[in-house]
Amino acid sequence: MSERSTTPTVLEATDRAILRELARDGRCSFTDLAERVGLSVSAVHQRVRRLEQRGALQGYTAKVDGDQIGLPLTAFISLTPIDPAAPDDYPQRLEHLPQIESCYSVAGDESYILQVRVESPLGLEELLRQIREAAKVSTRTTVVLSTPFEHRPPAI
């Protein structure tokens with residue numbers, strides 16, 4: 001496995017166009033992608049490989065509808081350490097909980113914000129209990145009422 005550079009590099013306009021198209025449609029074929037960005041299929045294939053190797057393109061994912069799979073309730077849970085001197089190992093303490101979709105380290109009063117998806121308010125209550133027990137933190141929860149948009153591609 002190759003190491004990726006952590007230093008941002010300036011992207012050429014063509015690479016930006018490729019990333020923009022793949023962010024919109026990760027299942028786009030190389031043929032369609034080549035047509036959209038005005039390159040040959042082999043040139044697009046080479047550029048995509050290079051973007052993957054550099055870490056600018058990190059993968060392809062499926063978007064799953066939580067309502068359709070029985071997990072309609074999304075919430076954000078802010079974690080605040082009870083003991084500020086405690087080790088900052090909350091992600092490791094919580095990684096076993098599959099309801100946590102994302103874990104963000106943040107600046108401010110809280111240390112982390114979690115995005116979670118559960119089946120019901122009762123499921124959220126149980127998850128909060130598990131989080132507090134595993135991480136020894138206090139929590140503040142915001143329940144999502146609706147999602148006008150999410151997973152927007154970056155402004156490339």
Handout entry: Cationic N near anionic O, under 4.0 Å, R47 to D15
Key = yes

Exercise for the section: State plainly whether the residues E150 and K63 are in salt-bridge range, i.e. N to O under 4.0 Å. Expected result: no

Looking only at heavy atoms, what is the nearest atom pair of [X] and [Y], with distance?
| X | Y | value |
| --- | --- | --- |
| C28 | L33 | SG-N, 3.5 Å |
| S78 | E110 | CB-CG, 3.1 Å |
| Q115 | T74 | NE2-CG2, 3.9 Å |
| L19 | A56 | CD2-O, 4.1 Å |
| R132 | V137 | CG-O, 3.6 Å |
| Y90 | A135 | CE2-O, 3.3 Å |

Could you grab the distance from atom [atom1] of [X] to atom [atom2] of [Y], nearest 0.5 Å is fine?
| X | Y | atom1 | atom2 | result |
| --- | --- | --- | --- | --- |
| E95 | I100 | CD | CD1 | 9.5 Å |
| D32 | R27 | CG | CZ | 12.0 Å |
| C103 | Q92 | SG | CD | 9.0 Å |
| Q99 | E126 | CD | CD | 8.5 Å |
| S105 | Y112 | OG | OH | 4.5 Å |

Practice task
Evaluate whether atom CG of D109 has more than 12 neighbouring non-hydrogen atoms of other residues, nucleotides or ligands under 6.0 angstrom away.
Solution key: no

Handout entry: Within 6.0 Å of CZ in R49, more than 12 heavy atoms from elsewhere
Key = no

Do [X] and [Y] touch side chain to side chain, with heavy atoms closer than 4.5 Å?
| X | Y | value |
| --- | --- | --- |
| R140 | I77 | no |
| V144 | F76 | yes |
| L73 | P121 | yes |
| L22 | V48 | yes |
| K136 | D83 | no |
| L114 | T139 | no |

Handout entry: Pairing residues for D25 by the side chain to side chain donor-acceptor pair (under 3.5 Å) criterion, not counting sequence neighbours
Key = none

Practice task
Using the test side chain to side chain donor-acceptor pair (under 3.5 Å), find all partners of R20 that sit at least two apart in sequence or belong to another chain.
Solution key: none

Are [X] and [Y] joined in one hydrophobic group, where the rule is that I, L, V, M, F, W and Y side chains link up if heavy atoms are under 4.5 Å apart?
| X | Y | value |
| --- | --- | --- |
| I82 | V106 | no |
| V41 | L39 | yes |
| L128 | V143 | yes |
| L127 | I113 | no |

Practice task
Take L11 and R54 through the test side-chain contact (heavy atoms from CB on, under 4.5 Å) and record every step on the way to the result.
Solution key: CA-CA 11 Å; L11 292 173; R54 287 187 359 197; 2.5 Å; yes

Handout entry: Flag for Y60-E52: side-chain donor and acceptor within less than 3.5 Å
Key = yes

Practice task
Could you tell me whether the side chain of E133 and the main chain of Q130 form a donor-acceptor pair under 3.5 Å?
Solution key: no

Problem - Verdict with supporting geometry, E125 and R129, salt bridge (charged side-chain N to carboxylate O under 4.0 Å, His left out) - result: CA-CA 6 Å; E125 186 175 26; R129 185 195 64 72; over 6 Å; no

Exercise for the section: If you link ILVMFWY side chains whenever their heavy atoms are less than 4.5 Å apart, which other residues fall into the same cluster as L71? By chain and number, please. Expected result: V64, I69

